[in-house]
Protein chains: 2
Amino acid sequence: MRYELYYWPTIQGRGEFIRLALEEAGCEYEDVARRTGRGSGVHRLMRMLAGRDAGDLPFAPPILKAGPRVLAQTANILYFLGTRHGLAPRQERLRLWTQQLQLTIGDFVDEVHDTHHPIASGLYYEEQKPEARRRTRNFLDDRLPKYLDYFERVLARNPRGGNWLAGARMTYADLSMFQVLVGLGYAFPTTMRRAGPRYRRLEALRRAVEARPRIHAYLQSDRRLPFSEEGIFRHYRQLEAGR
Amino acid sequence: MRYELYYWPTIQGRGEFIRLALEEAGCEYEDVARRTGRGSGVHRLMRMLAGRDAGDLPFAPPILKAGPRVLAQTANILYFLGTRHGLAPRQERLRLWTQQLQLTIGDFVDEVHDTHHPIASGLYYEEQKPEARRRTRNFLDDRLPKYLDYFERVLARNPRGGNWLAGARMTYADLSMFQVLVGLGYAFPTTMRRAGPRYRRLEALRRAVEARPRIHAYLQSDRRLPFSEEGIFRHYRQLEAGR
(Lines give C-alpha, C1' and ligand atoms only; values in the text may rest on other atoms or scores of the structure.)
Protein backbone atom coordinates (compact mmCIF):
# COMPACT_ATOMS: atom_id res chain seq x y z
CA MET A 1 0.00 0.00 0.00
CA ARG A 2 1.39 3.37 -1.05
CA TYR A 3 0.04 6.02 1.30
CA GLU A 4 -0.59 9.66 0.56
CA LEU A 5 -0.04 12.21 3.31
CA TYR A 6 -1.76 15.57 2.99
CA TYR A 7 -0.21 18.25 5.14
CA TRP A 8 1.17 21.78 4.89
CA PRO A 9 4.39 21.52 2.91
CA THR A 10 6.70 23.91 4.79
CA ILE A 11 6.28 22.95 8.45
CA GLN A 12 6.60 19.89 10.65
CA GLY A 13 3.37 20.68 12.50
CA ARG A 14 1.01 17.87 13.38
CA GLY A 15 1.94 16.15 10.13
CA GLU A 16 5.31 15.28 11.66
CA PHE A 17 3.74 12.74 14.02
CA ILE A 18 2.44 10.90 10.95
CA ARG A 19 5.71 11.26 9.04
CA LEU A 20 7.65 9.72 11.93
CA ALA A 21 5.33 6.71 12.04
CA LEU A 22 5.45 6.22 8.26
CA GLU A 23 9.25 6.46 8.31
CA GLU A 24 9.76 4.09 11.24
CA ALA A 25 7.38 1.56 9.69
CA GLY A 26 9.23 1.79 6.38
CA CYS A 27 6.02 2.63 4.53
CA GLU A 28 6.01 3.93 1.00
CA TYR A 29 4.31 7.30 1.01
CA GLU A 30 3.97 10.50 -0.91
CA ASP A 31 4.01 13.78 0.99
CA VAL A 32 1.54 15.17 -1.53
CA ALA A 33 1.72 18.90 -0.88
CA ARG A 34 5.55 18.86 -0.88
CA ARG A 35 5.94 17.21 -4.25
CA THR A 36 6.13 19.34 -7.35
CA GLY A 37 4.71 18.50 -10.73
CA ARG A 38 1.41 17.31 -12.08
CA GLY A 39 -1.17 16.21 -9.52
CA SER A 40 0.81 17.37 -6.49
CA GLY A 41 1.24 20.49 -4.42
CA VAL A 42 -0.86 22.51 -2.04
CA HIS A 43 -3.81 22.69 -4.43
CA ARG A 44 -4.30 18.95 -3.92
CA LEU A 45 -4.41 19.50 -0.17
CA MET A 46 -6.96 22.28 -0.69
CA ARG A 47 -9.02 20.04 -2.96
CA MET A 48 -9.02 17.34 -0.30
CA LEU A 49 -10.08 19.83 2.40
CA ALA A 50 -12.86 21.11 0.17
CA GLY A 51 -14.25 17.58 0.05
CA ARG A 52 -13.99 17.33 -3.72
CA ASP A 53 -12.26 13.96 -3.45
CA ALA A 54 -14.13 10.79 -2.57
CA GLY A 55 -14.00 9.48 0.99
CA ASP A 56 -14.91 10.70 4.45
CA LEU A 57 -14.72 14.46 4.79
CA PRO A 58 -11.74 15.68 6.86
CA PHE A 59 -11.95 18.83 8.97
CA ALA A 60 -8.24 19.68 8.94
CA PRO A 61 -4.85 18.21 8.04
CA PRO A 62 -3.00 15.92 8.61
CA ILE A 63 -4.94 13.61 6.33
CA LEU A 64 -3.89 10.13 5.23
CA LYS A 65 -5.15 8.50 2.08
CA ALA A 66 -4.91 4.72 2.24
CA GLY A 67 -6.29 3.34 -1.00
CA PRO A 68 -9.92 4.47 -1.14
CA ARG A 69 -9.92 5.48 2.55
CA VAL A 70 -9.38 9.00 3.79
CA LEU A 71 -8.47 9.39 7.47
CA ALA A 72 -7.88 12.49 9.57
CA GLN A 73 -7.13 13.42 13.18
CA THR A 74 -3.51 12.72 14.17
CA ALA A 75 -4.26 10.16 16.90
CA ASN A 76 -6.75 8.34 14.71
CA ILE A 77 -4.31 8.07 11.80
CA LEU A 78 -1.63 6.79 14.18
CA TYR A 79 -3.99 4.18 15.60
CA PHE A 80 -4.71 3.00 12.07
CA LEU A 81 -1.05 2.93 10.99
CA GLY A 82 0.21 1.57 14.29
CA THR A 83 -2.16 -1.38 14.19
CA ARG A 84 -1.18 -2.27 10.64
CA HIS A 85 2.57 -1.76 10.87
CA GLY A 86 3.67 -3.07 14.25
CA LEU A 87 3.74 0.30 16.01
CA ALA A 88 0.89 -0.54 18.40
CA PRO A 89 0.60 -3.37 20.91
CA ARG A 90 -1.42 -6.40 19.83
CA GLN A 91 -3.30 -6.71 23.11
CA GLU A 92 -6.50 -4.65 23.10
CA ARG A 93 -5.93 -3.23 26.61
CA LEU A 94 -2.44 -1.99 25.73
CA ARG A 95 -3.64 -0.68 22.42
CA LEU A 96 -6.21 1.58 24.07
CA TRP A 97 -3.62 2.61 26.67
CA THR A 98 -1.26 3.61 23.85
CA GLN A 99 -4.04 5.63 22.26
CA GLN A 100 -4.84 7.28 25.59
CA LEU A 101 -1.20 8.35 25.90
CA GLN A 102 -1.26 9.66 22.33
CA LEU A 103 -4.36 11.74 23.08
CA THR A 104 -2.66 13.20 26.14
CA ILE A 105 0.39 14.02 24.01
CA GLY A 106 -2.04 15.70 21.60
CA ASP A 107 -3.44 17.86 24.41
CA PHE A 108 0.12 18.76 25.41
CA VAL A 109 0.91 19.77 21.82
CA ASP A 110 -2.25 21.92 21.68
CA GLU A 111 -1.07 23.77 24.78
CA VAL A 112 2.39 24.30 23.30
CA HIS A 113 0.75 25.74 20.19
CA ASP A 114 -1.43 28.08 22.22
CA THR A 115 1.58 29.64 23.98
CA HIS A 116 2.15 31.69 20.81
CA HIS A 117 -1.48 31.68 19.65
CA PRO A 118 -3.65 32.18 22.74
CA ILE A 119 -6.30 34.30 20.99
CA ALA A 120 -6.70 32.83 17.53
CA SER A 121 -4.92 30.45 15.15
CA GLY A 122 -6.06 32.70 12.33
CA LEU A 123 -4.13 35.72 13.62
CA TYR A 124 -0.36 36.21 13.53
CA TYR A 125 1.74 35.83 16.64
CA GLU A 126 2.57 39.53 16.32
CA GLU A 127 -1.13 40.30 16.81
CA GLN A 128 -1.28 38.52 20.19
CA LYS A 129 2.11 39.09 21.79
CA PRO A 130 1.05 40.36 25.24
CA GLU A 131 -1.42 37.49 25.59
CA ALA A 132 1.24 35.05 24.41
CA ARG A 133 3.61 36.25 27.13
CA ARG A 134 0.99 35.66 29.80
CA ARG A 135 0.00 32.28 28.48
CA THR A 136 3.62 31.15 28.08
CA ARG A 137 4.45 32.13 31.64
CA ASN A 138 1.60 29.98 32.91
CA PHE A 139 2.53 27.14 30.57
CA LEU A 140 6.17 27.05 31.64
CA ASP A 141 5.40 27.40 35.37
CA ASP A 142 2.46 25.08 35.58
CA ARG A 143 1.49 22.98 32.61
CA LEU A 144 4.89 21.94 31.22
CA PRO A 145 6.09 20.36 34.50
CA LYS A 146 2.68 18.76 35.00
CA TYR A 147 2.84 17.00 31.63
CA LEU A 148 6.53 16.07 31.88
CA ASP A 149 6.11 14.72 35.43
CA TYR A 150 3.19 12.65 34.19
CA PHE A 151 5.03 11.04 31.29
CA GLU A 152 8.15 10.44 33.41
CA ARG A 153 5.92 8.63 35.87
CA VAL A 154 4.27 6.59 33.14
CA LEU A 155 7.74 5.41 32.09
CA ALA A 156 8.66 4.57 35.69
CA ARG A 157 5.44 2.60 36.16
CA ASN A 158 5.61 0.59 32.93
CA PRO A 159 5.89 -2.96 34.27
CA ARG A 160 7.61 -4.03 31.04
CA GLY A 161 10.36 -1.54 31.77
CA GLY A 162 12.71 -0.40 29.04
CA ASN A 163 12.50 2.94 27.33
CA TRP A 164 8.90 2.79 26.16
CA LEU A 165 5.66 4.28 27.44
CA ALA A 166 3.33 1.32 26.83
CA GLY A 167 4.23 -2.36 26.80
CA ALA A 168 7.59 -3.90 25.96
CA ARG A 169 8.03 -2.50 22.45
CA MET A 170 8.22 0.92 20.90
CA THR A 171 4.86 2.36 19.78
CA TYR A 172 3.69 5.39 17.85
CA ALA A 173 3.20 7.17 21.20
CA ASP A 174 6.96 6.92 21.81
CA LEU A 175 7.65 8.45 18.39
CA SER A 176 5.29 11.32 19.21
CA MET A 177 6.84 11.79 22.65
CA PHE A 178 10.25 12.03 20.97
CA GLN A 179 8.96 14.77 18.66
CA VAL A 180 7.50 16.72 21.58
CA LEU A 181 10.76 16.52 23.56
CA VAL A 182 12.88 17.65 20.61
CA GLY A 183 10.36 20.41 19.86
CA LEU A 184 10.35 21.67 23.44
CA GLY A 185 14.16 21.74 23.39
CA TYR A 186 13.95 23.96 20.33
CA ALA A 187 11.23 26.28 21.63
CA PHE A 188 12.27 26.61 25.27
CA PRO A 189 15.99 25.72 25.44
CA THR A 190 16.75 27.35 28.80
CA THR A 191 13.76 25.80 30.56
CA MET A 192 14.39 22.37 29.12
CA ARG A 193 18.12 22.43 29.88
CA ARG A 194 17.37 23.22 33.53
CA ALA A 195 14.56 20.67 33.75
CA GLY A 196 16.68 17.95 32.14
CA PRO A 197 17.96 16.17 35.27
CA ARG A 198 14.40 15.63 36.54
CA TYR A 199 13.42 13.70 33.44
CA ARG A 200 16.01 10.99 32.92
CA ARG A 201 13.58 8.43 31.61
CA LEU A 202 12.17 10.83 29.04
CA GLU A 203 15.69 11.67 27.94
CA ALA A 204 16.45 7.95 27.56
CA LEU A 205 13.30 7.58 25.43
CA ARG A 206 14.37 10.52 23.28
CA ARG A 207 17.79 8.99 22.69
CA ALA A 208 16.38 5.53 22.03
CA VAL A 209 14.02 6.83 19.33
CA GLU A 210 16.73 8.95 17.77
CA ALA A 211 18.96 5.89 17.52
CA ARG A 212 16.42 3.84 15.54
CA PRO A 213 18.10 3.34 12.15
CA ARG A 214 15.13 4.50 10.07
CA ILE A 215 14.45 7.52 12.28
CA HIS A 216 18.15 8.37 12.29
CA ALA A 217 18.22 8.25 8.48
CA TYR A 218 15.02 10.28 8.24
CA LEU A 219 16.33 13.02 10.54
CA GLN A 220 19.43 13.38 8.32
CA SER A 221 17.38 13.50 5.12
CA ASP A 222 15.79 16.47 3.40
CA ARG A 223 12.40 14.89 4.07
CA ARG A 224 12.78 16.17 7.65
CA LEU A 225 11.79 19.83 7.64
CA PRO A 226 13.56 22.09 10.14
CA PHE A 227 11.85 23.62 13.18
CA SER A 228 10.81 27.19 12.49
CA GLU A 229 8.67 30.06 13.69
CA GLU A 230 5.84 28.89 11.44
CA GLY A 231 5.21 25.61 13.24
CA ILE A 232 3.95 24.42 16.61
CA PHE A 233 7.28 24.60 18.43
CA ARG A 234 8.55 28.15 18.02
CA HIS A 235 11.50 29.80 19.62
CA TYR A 236 10.66 33.38 20.56
CA ARG A 237 13.33 34.65 22.90
CA GLN A 238 10.94 37.14 24.53
CA LEU A 239 8.52 34.39 25.56
CA GLU A 240 11.15 32.54 27.58
CA ALA A 241 12.88 35.71 28.80
CA GLY A 242 13.53 36.23 32.50
CA ARG A 243 13.65 32.55 33.34
CA MET B 1 -20.20 -4.94 34.46
CA ARG B 2 -20.81 -2.09 36.85
CA TYR B 3 -18.75 0.90 35.74
CA GLU B 4 -17.29 3.63 37.88
CA LEU B 5 -17.07 7.13 36.46
CA TYR B 6 -14.60 9.54 38.05
CA TYR B 7 -15.35 13.16 37.27
CA TRP B 8 -15.85 16.50 39.01
CA PRO B 9 -19.13 16.23 40.89
CA THR B 10 -20.68 19.67 40.28
CA ILE B 11 -20.32 20.21 36.53
CA GLN B 12 -21.26 18.50 33.28
CA GLY B 13 -17.84 19.20 31.75
CA ARG B 14 -16.19 16.51 29.68
CA GLY B 15 -17.66 13.89 31.97
CA GLU B 16 -21.06 14.56 30.40
CA PHE B 17 -20.03 12.93 27.13
CA ILE B 18 -19.38 9.73 29.09
CA ARG B 19 -22.56 10.05 31.16
CA LEU B 20 -24.67 10.35 27.99
CA ALA B 21 -23.12 7.19 26.54
CA LEU B 22 -23.56 5.23 29.78
CA GLU B 23 -27.18 6.38 30.04
CA GLU B 24 -28.10 5.62 26.42
CA ALA B 25 -26.49 2.19 26.66
CA GLY B 26 -28.41 1.49 29.87
CA CYS B 27 -25.18 0.68 31.72
CA GLU B 28 -25.05 0.36 35.47
CA TYR B 29 -22.58 2.92 36.75
CA GLU B 30 -21.58 4.86 39.80
CA ASP B 31 -20.73 8.54 39.42
CA VAL B 32 -18.13 8.13 42.15
CA ALA B 33 -17.36 11.72 43.10
CA ARG B 34 -21.07 12.61 43.28
CA ARG B 35 -22.02 9.88 45.71
CA THR B 36 -21.85 10.54 49.41
CA GLY B 37 -20.83 8.09 52.09
CA ARG B 38 -17.99 5.71 52.66
CA GLY B 39 -15.64 5.13 49.73
CA SER B 40 -17.14 7.86 47.56
CA GLY B 41 -16.72 11.54 46.95
CA VAL B 42 -14.07 13.80 45.52
CA HIS B 43 -11.29 12.28 47.59
CA ARG B 44 -11.69 9.08 45.57
CA LEU B 45 -11.25 11.07 42.39
CA MET B 46 -8.14 12.70 43.86
CA ARG B 47 -6.80 9.29 44.89
CA MET B 48 -7.32 8.02 41.37
CA LEU B 49 -5.56 11.05 39.88
CA ALA B 50 -2.66 10.59 42.29
CA GLY B 51 -2.18 7.10 40.88
CA ARG B 52 -2.69 5.39 44.22
CA ASP B 53 -5.15 2.95 42.67
CA ALA B 54 -4.05 0.08 40.47
CA GLY B 55 -4.32 0.43 36.71
CA ASP B 56 -2.96 2.69 34.01
CA LEU B 57 -2.21 6.19 35.26
CA PRO B 58 -4.69 8.83 34.04
CA PHE B 59 -3.63 12.42 33.41
CA ALA B 60 -7.03 14.04 33.98
CA PRO B 61 -10.71 13.19 34.37
CA PRO B 62 -13.01 11.87 33.00
CA ILE B 63 -11.81 8.42 34.03
CA LEU B 64 -13.73 5.17 33.64
CA LYS B 65 -13.07 2.13 35.78
CA ALA B 66 -14.21 -1.06 34.09
CA GLY B 67 -13.37 -3.93 36.41
CA PRO B 68 -9.58 -3.88 36.78
CA ARG B 69 -9.16 -1.48 33.86
CA VAL B 70 -8.77 2.27 34.20
CA LEU B 71 -9.35 4.34 31.07
CA ALA B 72 -9.06 8.06 30.47
CA GLN B 73 -9.38 10.55 27.61
CA THR B 74 -12.99 11.21 26.61
CA ALA B 75 -12.75 9.92 23.03
CA ASN B 76 -10.89 6.81 24.15
CA ILE B 77 -13.47 5.96 26.80
CA LEU B 78 -16.25 6.46 24.26
CA TYR B 79 -14.52 4.20 21.76
CA PHE B 80 -14.30 1.53 24.45
CA LEU B 81 -17.91 1.91 25.61
CA GLY B 82 -19.30 2.37 22.10
CA THR B 83 -17.71 -0.83 20.86
CA ARG B 84 -19.06 -2.84 23.78
CA HIS B 85 -22.55 -1.39 23.96
CA GLY B 86 -23.76 -0.89 20.41
CA LEU B 87 -22.93 2.81 20.20
CA ALA B 88 -20.25 2.36 17.54
CA PRO B 89 -20.51 0.84 14.07
CA ARG B 90 -19.33 -2.75 13.69
CA GLN B 91 -17.43 -2.14 10.48
CA GLU B 92 -13.82 -1.09 11.16
CA ARG B 93 -13.83 1.74 8.60
CA LEU B 94 -16.97 3.30 10.07
CA ARG B 95 -15.67 2.79 13.59
CA LEU B 96 -12.55 4.86 12.87
CA TRP B 97 -14.67 7.45 11.05
CA THR B 98 -16.87 7.74 14.16
CA GLN B 99 -13.77 8.18 16.30
CA GLN B 100 -12.43 10.81 13.90
CA LEU B 101 -15.68 12.76 14.25
CA GLN B 102 -15.48 12.42 18.04
CA LEU B 103 -11.94 13.81 18.05
CA THR B 104 -13.07 16.77 15.95
CA ILE B 105 -15.94 17.35 18.38
CA GLY B 106 -13.31 17.25 21.14
CA ASP B 107 -11.28 19.96 19.39
CA PHE B 108 -14.46 22.02 19.03
CA VAL B 109 -15.17 21.63 22.77
CA ASP B 110 -11.60 22.70 23.61
CA GLU B 111 -12.13 25.88 21.61
CA VAL B 112 -15.43 26.57 23.37
CA HIS B 113 -13.66 26.17 26.71
CA ASP B 114 -10.88 28.53 25.69
CA THR B 115 -13.33 31.34 24.89
CA HIS B 116 -13.55 31.99 28.65
CA HIS B 117 -10.09 30.62 29.51
CA PRO B 118 -7.70 31.80 26.80
CA ILE B 119 -4.72 32.33 29.12
CA ALA B 120 -4.87 29.50 31.64
CA SER B 121 -7.30 26.86 32.93
CA GLY B 122 -5.80 27.41 36.35
CA LEU B 123 -6.88 31.07 36.53
CA TYR B 124 -10.41 32.37 37.01
CA TYR B 125 -12.36 33.82 34.11
CA GLU B 126 -12.29 37.13 35.98
CA GLU B 127 -8.50 37.13 35.66
CA GLN B 128 -8.61 36.91 31.85
CA LYS B 129 -11.66 38.89 30.78
CA PRO B 130 -10.15 41.17 28.12
CA GLU B 131 -8.42 38.20 26.49
CA ALA B 132 -11.65 36.20 26.72
CA ARG B 133 -13.51 38.93 24.85
CA ARG B 134 -10.97 38.89 22.04
CA ARG B 135 -10.92 35.13 21.81
CA THR B 136 -14.72 34.85 21.88
CA ARG B 137 -15.10 37.38 19.09
CA ASN B 138 -12.79 35.33 16.91
CA PHE B 139 -14.50 32.10 17.93
CA LEU B 140 -18.00 33.33 17.09
CA ASP B 141 -16.97 34.98 13.81
CA ASP B 142 -14.67 32.34 12.51
CA ARG B 143 -14.39 29.03 14.30
CA LEU B 144 -18.01 28.35 15.32
CA PRO B 145 -19.38 28.61 11.75
CA LYS B 146 -16.44 26.60 10.46
CA TYR B 147 -17.20 23.70 12.80
CA LEU B 148 -20.98 23.85 12.38
CA ASP B 149 -20.71 24.04 8.58
CA TYR B 150 -18.45 21.01 8.71
CA PHE B 151 -20.78 18.84 10.77
CA GLU B 152 -23.84 19.94 8.77
CA ARG B 153 -21.97 18.82 5.65
CA VAL B 154 -21.02 15.51 7.22
CA LEU B 155 -24.72 14.87 7.88
CA ALA B 156 -25.62 15.85 4.31
CA ARG B 157 -22.96 13.53 2.90
CA ASN B 158 -23.78 10.48 5.01
CA PRO B 159 -24.82 7.98 2.36
CA ARG B 160 -26.91 6.10 4.94
CA GLY B 161 -28.96 9.26 5.45
CA GLY B 162 -31.11 9.70 8.53
CA ASN B 163 -30.18 11.88 11.45
CA TRP B 164 -26.79 10.40 12.25
CA LEU B 165 -23.23 11.46 11.55
CA ALA B 166 -21.72 8.05 10.76
CA GLY B 167 -23.48 5.02 9.31
CA ALA B 168 -27.16 4.13 9.63
CA ARG B 169 -27.42 4.01 13.43
CA MET B 170 -26.85 6.43 16.26
CA THR B 171 -23.30 6.45 17.68
CA TYR B 172 -21.54 8.03 20.63
CA ALA B 173 -20.47 10.85 18.27
CA ASP B 174 -24.14 11.78 17.82
CA LEU B 175 -24.62 11.89 21.60
CA SER B 176 -21.59 14.19 21.90
CA MET B 177 -22.81 16.39 19.04
CA PHE B 178 -26.14 16.72 20.86
CA GLN B 179 -24.35 17.86 24.02
CA VAL B 180 -22.32 20.44 22.08
CA LEU B 181 -25.41 21.86 20.38
CA VAL B 182 -27.34 22.15 23.63
CA GLY B 183 -24.29 23.67 25.32
CA LEU B 184 -23.79 26.24 22.57
CA GLY B 185 -27.45 27.20 22.84
CA TYR B 186 -26.88 27.85 26.55
CA ALA B 187 -23.62 29.76 26.16
CA PHE B 188 -24.36 31.80 23.03
CA PRO B 189 -28.16 31.98 22.71
CA THR B 190 -28.31 34.98 20.36
CA THR B 191 -25.71 33.63 17.98
CA MET B 192 -27.23 30.17 17.91
CA ARG B 193 -30.78 31.44 17.41
CA ARG B 194 -29.67 33.44 14.40
CA ALA B 195 -27.56 30.62 12.99
CA GLY B 196 -30.35 28.08 13.44
CA PRO B 197 -31.86 28.10 9.95
CA ARG B 198 -28.48 27.30 8.38
CA TYR B 199 -28.16 24.08 10.35
CA ARG B 200 -31.35 22.10 9.86
CA ARG B 201 -29.67 18.73 9.86
CA LEU B 202 -27.87 19.44 13.11
CA GLU B 203 -31.14 20.58 14.64
CA ALA B 204 -32.79 17.33 13.50
CA LEU B 205 -29.93 15.37 15.13
CA ARG B 206 -30.38 17.33 18.35
CA ARG B 207 -34.09 16.57 18.43
CA ALA B 208 -33.60 12.92 17.53
CA VAL B 209 -31.13 12.40 20.40
CA GLU B 210 -33.35 14.27 22.84
CA ALA B 211 -36.26 11.99 21.91
CA ARG B 212 -34.39 8.78 22.75
CA PRO B 213 -36.32 7.35 25.71
CA ARG B 214 -33.26 6.81 27.93
CA ILE B 215 -31.76 10.19 27.11
CA HIS B 216 -35.12 11.84 27.67
CA ALA B 217 -35.44 10.19 31.08
CA TYR B 218 -31.87 11.10 31.97
CA LEU B 219 -32.34 14.76 31.06
CA GLN B 220 -35.36 14.91 33.39
CA SER B 221 -33.52 13.20 36.25
CA ASP B 222 -31.35 14.74 38.95
CA ARG B 223 -28.42 12.79 37.51
CA ARG B 224 -28.30 15.50 34.81
CA LEU B 225 -26.46 18.47 36.27
CA PRO B 226 -27.49 21.91 35.01
CA PHE B 227 -25.31 24.09 32.80
CA SER B 228 -23.47 26.70 34.83
CA GLU B 229 -20.64 29.20 34.81
CA GLU B 230 -18.30 26.56 36.22
CA GLY B 231 -18.38 24.26 33.22
CA ILE B 232 -17.26 24.31 29.59
CA PHE B 233 -20.36 26.01 28.18
CA ARG B 234 -20.76 29.28 30.09
CA HIS B 235 -23.14 32.10 29.47
CA TYR B 236 -21.41 35.43 30.02
CA ARG B 237 -23.55 38.15 28.54
CA GLN B 238 -20.56 40.43 27.98
CA LEU B 239 -18.82 37.85 25.77
CA GLU B 240 -21.71 37.69 23.32
CA ALA B 241 -22.54 41.41 23.59
CA GLY B 242 -22.88 43.53 20.48
CA ARG B 243 -23.81 40.67 18.18
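Labels below follow one simple rule: chain letters A, B, ... track the order of the sequence lines, proteins then strands, and each chain is numbered from 1.
Options Asn138(B), Leu57(B), Leu123(B) differ in how many heavy-atom pairs under 4.5 Å they form with chain A, and the most are formed by Leu57(B). Contact tally against chain A (heavy-atom pairs below 4.5 Å) for Ile77(B), Leu71(B), Thr104(B): the top residue is Thr104(B). Most heavy-atom pairs under 4.5 Å with chain B, from the set Pro58(A), Ala75(A), Ala60(A), Gly122(A): that is Pro58(A).
For a residue to count as touching a neighbouring chain, one of its non-hydrogen atoms must lie under 4.5 Å from one of that chain's; by this rule Asp142(B) does not touch chain A. Of the atoms belonging to Asp107(B), it is side-chain heavy atoms, and not backbone ones, that fall under 4.5 Å from chain A. Interface remark: Asp114(A) contributes side-chain atoms only to the contact with chain B (heavy atom separation under 4.5 Å). With a 4.5 Å cut-off on non-hydrogen atoms, Glu111(B) does not touch chain A at all.
Counting heavy atoms from C-beta on, the side chains of Leu101(B) and Gln73(A) never come closer than 4.5 Å.
Within residues 148-155 of chain A, the residues approaching chain B closer than 4.5 Å by heavy atoms are, in numerical order, Tyr150(A), Arg153(A), Val154(A). Of all residues in residues 129-137 of chain A, those placing a non-hydrogen atom less than 4.5 angstrom from a non-hydrogen atom of chain B are Glu131(A), Arg134(A), Arg135(A).
Atom CZ of Arg2(B) has more than 12 heavy atoms from other residues, nucleotides or ligands within 6.0 Å. Other residues, nucleotides and ligands place no more than 12 heavy atoms under 6.0 Å from the CZ atom of Arg160(A). Atom CZ of Arg200(A) is surrounded by 12 or fewer heavy atoms from other residues, nucleotides or ligands within 6.0 Å.
Within the 3.5 Å criterion, the main-chain N or O of Ala72(A) finds a donor-acceptor partner in the side chain of Gln100(B). Looking at Arg143(B), its side chain never comes within 3.5 Å of a backbone N or O of Ser121(A) through a donor-acceptor pair.
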Would Tyr147(B) and Phe59(A) count as a ring pair (Phe, Tyr, Trp, His ring centres under 6.0 Å) if you check the C-alpha gap in whole Å, the side-chain angles of each, and the deciding distance to 0.1 Å? CA-CA 8 Å; Tyr147(B) 277 109; Phe59(A) 181 74; 4.4 Å; yes
Can I get a per-line list of side-chain donor-acceptor pairs under 3.5 Å for residues 165-172 of chain A, giving both atom names and the distance, sequence neighbours left out?
from: Thr171(A); atom 1: OG1; to: Ala173(A); atom 2: N; distance (Å): 3.2
from: Thr171(A); atom 1: OG1; to: Asp174(A); atom 2: OD2; distance (Å): 3.4
from: Tyr172(A); atom 1: OH; to: Gln99(A); atom 2: OE1; distance (Å): 2.7

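A salt bridge links Arg93(B) with Asp56(A): at least one charged nitrogen is closer than 4.0 Å to a carboxylate oxygen.
Pairs passing the ring-ring contact (aromatic ring centres under 6.0 Å, His included) check and including a residue from residues 61-100 of chain B, sequence neighbours excluded, read Tyr79(A)-Tyr79(B), Tyr3(B)-His85(B).
The minimum heavy-atom distance between Leu96(A) and Asn76(B), with the atom names listed, is O-ND2, 3.1 Å.
The structure places CG of Leu103(B) at 6.0 Å from CG of Leu103(A), a figure rounded to the nearest 0.5 Å.
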